[in-house]
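Chain A is the first sequence line, chain B the second, and so forth, proteins listed ahead of strands; every chain is numbered from 1. In this text the structure is predicted, and so the values were computed from the model without any measurement.
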Amino acid sequence: RIGVAIPAADHGWTGGMVWWAQYAIKQYAKDSTLEFTLVTAREPSEQVAQVQTLLAKGIDALVINPYESAPLTPICVEAFRKGVYTVIVDRGIESEEYNTYIAGDNYMYGYLAGKYIAEKLKGKGNIVIIEGIPSTINTERVQAFKDALKPYPNIKILAQQPGNWSRETAFQVMQTLLTKFPQIDAVWTGDDDMLQGVILALQQAKRDKNIVLVGGAGQKEILKMIMDGNPLVQIDFTYPPNMISTAINLAVMQLKGQNLNGFYQKGMPRKIILSTETITKENAKDYYFPDSVF
Amino acid sequence: MAEMPVLQGKGISMKFGEALVLDSVDVAFHPGKVYGVVGENGAGKSTLMRILSGFLQPISGEIYVDGKQTVLNPYKAKELGIVLVPQELNLVEPLRVYENIFLGDEPTGRFLIDKKKMIQEASEIIKNLDVDIDPMELVERLSTGKKQMVEIMKALSRSVEILIMDEPTASLSEDETQKLFETVKKLKTSGITVIFVSHRLKEIVQIADELVVLRDGKKVYQGALSDFSETQIAEMMVGRKMDEIYPEKVGWEEKNVLEVRDLNSADGKIRDVSFTLKNGEVLGFYGLVGAGRTELMQTIIGVRKLSSGEIFVDGKPAIIRSVKEAMKNGIVYLPEERKLAGLILNFEVFKNTSLMTLDKISKIVTKPKVEVERFEFYRKSFDIRVRGPYQITHTLSGGNQQKLVLSKLVETGAKIFIMDEPTRGVDINSRYQIYKIISELASKKMASFIVVSSDLPEIIGLCNRVIVMRNGTIVGEAVGEEVEETNLIYMALGVSESQEKFKE
Amino acid sequence: MHLRDVISKYGILFALIVLILVAGILSPAFLKIQNIINIFWQISYIGIIAIGMTFIMIGGGIDLSVGSFMALMGALAIQTVNALGDTVGSVILSILITIAVGALLGAGSGFLVAKGRIPPFVVTLGAMAIYRSLVLNFANGGVYMSRSTKYSSIGMMRILELPVPMIVFLIYVIIASIILERTKFGRYVYAIGANETAALYSAINVDKIRIATYVIGGISVSISAILISSMMGSVSSSSTGNGFELDAIAAAVIGGTSLSGGKGKIVGTFLGALVLGVINNMLVMLNVAVYLQGLVKGLIIISAVFLQNVRRSE
Amino acid sequence: MHLRDVISKYGILFALIVLILVAGILSPAFLKIQNIINIFWQISYIGIIAIGMTFIMIGGGIDLSVGSFMALMGALAIQTVNALGDTVGSVILSILITIAVGALLGAGSGFLVAKGRIPPFVVTLGAMAIYRSLVLNFANGGVYMSRSTKYSSIGMMRILELPVPMIVFLIYVIIASIILERTKFGRYVYAIGANETAALYSAINVDKIRIATYVIGGISVSISAILISSMMGSVSSSSTGNGFELDAIAAAVIGGTSLSGGKGKIVGTFLGALVLGVINNMLVMLNVAVYLQGLVKGLIIISAVFLQNVRRSE
Ligand SMILES: Nc1ncnc2c1ncn2[C@@H]1O[C@H](COP(=O)(O)OP(=O)(O)OP(=O)(O)O)[C@@H](O)[C@H]1O
Ligand SMILES: Nc1ncnc2c1ncn2[C@@H]1O[C@H](COP(=O)(O)OP(=O)(O)OP(=O)(O)O)[C@@H](O)[C@H]1O
Ligand SMILES: [Mg+2]
Ligand SMILES: [Mg+2]
């Protein structure tokens, strides 16, 4: 029996993660030896409560994407100590007491975007940052992005505003920024959802030319644009929500005593950091899942 | 009389916005006396009472308590033992009777409220006034008259030096009023000052030692009541000669416009009520507080559910489940508690007049001009004292609010009017106007009236036939000559005249 | 005292002017025509919903479901157009269907409140969860994409340089004002909110009027949903409409509508929405630091409303 | 009719029992002692806040700030302990400081409502934004970590097998019940909420009582914050407390507290919180599909409250 605990779908990416979790679970639908319980939370303490309930119900493995690292640490440790096979996804916990950790690379996610923009602008220009809802992950990405820009003193950050991971908000923020600044050379948004809002605002203001746009996380509509060679967006960086599927598979393999293909070692690896992959026109189709929601 | 007044106001003036409501009023009150305060609706009585008890601050003038100049506020007044029974009911409806009686003045143990003691003391107060109220009952379930009694008991439970009562008897019947007066007399002998506002001049004559008359915000008389008659007092109030108060009683046609047969209410409060209302009749309903008159009327107009019984309008059976359906059948009802059920207090006054008749005036879009015209008509005929049609209703004096409810009702042009305490708080002059309108409509056979009233003189002066209720059912009926004071009181009390005589 | 009266009567307008002046001085770009138009555009979605909310609140109710309700209606409109094909006729048809369904669902909430005697807070809290759940379920947590370019063009269209959502919003304000302040129905809405018992005794069909306010609420939500979903060309099942209930209620309350019913004006709500829109726009224009935006926003809202009350504290 | 009366008097209790029975039959694990204890534990945070909310709401107010207020108080407690060092004394001291500051901030909101005559919705909406902004700002959007193991142990401690938050919650329910129903103060809270004028005529200091309800609200939030932050050893500046306002108000309203004041009971709120807790727990226990949870939750909440009203529809 496997419990899967993830944050609720409140924006595109989390929606994607819920989809991929369900996708992975569906794969095992015919396997009567496996029983999954999937729960989603809107807030850390709700997630703690859900894990408590899962433990009371009785589970053999826990796959969890903690809502926040520190607040979820005690309960994950408790699960681990009870002998539940604990797989932590994406946000690490503040303890080493878990079985396996699998995550994306937030630093490179921001860094590569910054580097790309800087190079594309040849080290000179005005840029705008539209970030997500304030959170640890968001802070790390923005910091990395700025780190990447450090060697380029002629790049000026005109504005840094929150777009709340939402198309609508990003649209409005961009609308306002476009009126304020006559010249914007590049926009970085915290994810592809917000990028779509930005593109809409650019089109509406007829300023969708000669501008470098970078989002992130490989949302399918953006990938489609890249695949189709749309000049607006030429690149994307992965932060795949399907890491949850991988994590679920890891838990299943562990419970079934299987090992990873190509590994000489028995058992699962303890830490996996997925690299941030760069998507361009050439490889976009490898990342494009038309059925997925994200 | 050199004795120092316990409470004195000197040059008290009050303004609301631009309107001068009190104009340098000087009043003085001495211990152990009962003061009757009278004046037309809107004369400023309530305003003065609220100033004297600290709930309003005058714009100028001084207040002296025991000879010392004092700035009153509710807390200060409480300390000094000045207690006000306000004109409009102001109870905390979701709380119980005993909780309301002691609100703000609860007996406590070390930390907690002493509930037992409260209930016990409340029961005693209730027993002293001899009314049928359960101290544990929720106030929202009480009839208006009983709520009024609770207000009075609340005042009596305090350590009171000066008791100010603003129309405490407006919805009390003769019996309760007399009991209240007995208590007032007791208070008087123990040196307490009682200030008493009323439009029932008979009561003033009976209980007061001194009279205060206000007219248009000015004090026109303070002095001994001596042997002023009711008419003389009324003339002082309005400042001119007064005619007879009650118009000629009118007869009726032998045609039933309304017939009620074996009516029982779903909650069992009304039992087996049957009566008829003839065309052009003014039928009275009398009873003690809580006799069930209001409930009966509410059952007839569909606000309360009936469990059995039939209602015939103009001889045809009618099904009435809401006020709207009642109105379709030509019946309208004037609720007894105007603040709760009669008026939208934050509306401009003219909107209240037209609230029931918007359908007539307009299809979709309202026509404020027409509405204002209609209001102005009633403003004249009922002498509603307002600054204009756009004044907000809650800033009207109590009596003027009552006239506004009346205007709303009359405006419907219904065939059958059921009026529950129609002149509650209305001054004597305006009453006359209202009685005249009732009798005119009735004599022209344009409408028939049921008048539920606790004001005995009103019932007697207005109605040719009176039905008396007790405990939710009809216990008697008086016609013509029988409509007279003792008869009605005895029926309401449930003792026969002979029994009473026997006791003596 | 005279000035005080003026301030208190037009308190929120006054607050708005101060806000605009401050923003204009600190950032001249704020006063550009384009930006002013943008502000109207940006508030139109919340504004339209807030107008429906004003009816409901004056009638003594509240509606917490508007956010997810809007997502549901947006999804419905998009799916209907997708199913019917990319023609003008199908766009019009699906707009009508969406408005009808919105009115119906509004009537449902109203019915539960009026006839079921369930507190409006509970009914609409439940509806909020139910609608969101439906939206998420049908899209599997993903996005509803419009395949119709005709439909998507509505939200981006301009007439005389003015964006359609803005025009719809302004017209809606006028119509709603008239309905609320010039019709019998509007009078009754005030009456049932101010004193239900008195309304009942005045032969007003309280339940019917109450349900009607929720119908207006549902229609408002639908209109807003059509505008926003056509403008974005999509509805995100997870995020579209999140938190709209608070913004809509806030616009109404800032504009003087009372949570306990019987009080309020459409113009007030309009100004309330404008205040919120100006604040949001200003925060971006002045590039206020992300973490401090809440602080600034909170302080402005509280002080703006405080201004209105100068008289009362007399 | 007799049964109807019983159901309506104990309506919410009745609904709760039905819920528990259904859950117990569908999933036996639900009835495990451990799970029942967990439910009480899980609702204790919201429950304590909801009790404060009950005072405020009975007094005729509302508090939307509780969620971010809680995050702020949790952060304060953690930072104070971190600064004072890992001793029992410093833990106690910082708990006291947190409660004092909570009371003070509550008084602030209350003051603005009572003396500033700003609608409570506006004041606390502003406070919500301000508090969250402060929390975010000091932590730069990150997390406040407790470095004190003594502090972190409180929230996880058990006495006689029962978790401390649960015990605190139950005691708080009892104390609050007594205050609300047995003291003058409690009586006055009802009075000012039901009829402010009547309260004034009874020489009750309305403003003082109103402010006091917000002080109780602030204290409740602080206690909850201490329990939750010590249990998790940390506070997330961005997410801790999000949406708590709705849950807390919902618990009170489901338990029969009226949004317009004057009505409510602590036991009602307790049962309301329990209903919410049981629903949440049940959804997990019964493995209800993620996207349908909202649907189930919404339907249960509406029907649970509907049960209470059987009588009224007589
Ligand atoms: N809050 C207020 N705002 C404006 N005007 C007011 C307010 N309260 C009272 N008034 C006005 O003051 C005048 C006096 O009112 P008051 O209530 O004192 O009359 P009253 O003598 O008690 O009349 P009644 O016999 O009808 O009770 C009235 O014209 C009334 O409209
Ligand atoms: N809503 C209610 N719920 C329960 N009991 C009520 C309710 N309203 C009135 N009663 C009770 O019904 C009885 C009849 O009240 P009703 O108002 O009909 O009396 P009334 O004859 O009009 O007397 P009053 O002069 O006091 O108005 C009273 O004993 C009252 O306590
Ligand atoms: Mg008066
Ligand atoms: Mg009566």
Going from CZ on F121(C) to OG1 on T257(D), what distance comes out if it is rounded to the nearest 0.5 angstrom?
-> 11.0 Å

So which of L112(D), I249(D), L134(D) has the biggest tally of heavy-atom pairs under 4.5 Å with chain C?
-> I249(D)

Listed partners of Q293(D) passing side-chain contact (heavy atoms from CB on, under 4.5 Å), at least two apart = L283(D), V288(D)

Interatomic spacing from CD1 in I301(D) to CD1 in I118(C) - rounded to 0.5 Å = 11.5 Å

Just jot down the side chain to side chain donor-acceptor pair (under 3.5 Å) partners of T54(C), sequence neighbours excluded, or say none.
-> T269(C)

Minimal non-hydrogen separation, Y291(C) against S133(D), with atom names = O-OG, 2.6 Å

Distance in Å, I302(C) CD1 paired with L125(D) CG, rounded so as to fall on 0.5 Å steps | 8.5 Å

Rounded to the nearest 0.5 Å, what separation is found between the CE atom of M128(C) and the CG atom of L246(D)?
-> 4.5 Å

Interatomic distance, CG@N137(C) vs CG@L292(D), rounded to 0.5 Å, equals 4.5 Å

Could you grab the distance from atom CD1 of I130(C) to atom NZ of K297(D), nearest 0.5 Å is fine?
-> 12.0 Å

Quick one: does L259(D)'s side chain get under 4.5 Å of P119(C)'s, heavy atoms only?
-> no

Is the backbone of S260(C) close enough, under 3.5 Å, to the side chain of S260(D) for a donor and an acceptor to pair up by distance?
-> no

Shortest non-hydrogen contact between A129(C) and G294(D), atoms and distance = CB-O, 3.4 Å

Pick from I300(C), L299(C), L136(C), V290(C) with the largest number of heavy-atom pairs that fall under 4.5 Å of chain D | L136(C)

Quick one: what part of A127(C) sits under 4.5 Å from any heavy atom of chain D, side chain, backbone, both or neither?
-> backbone

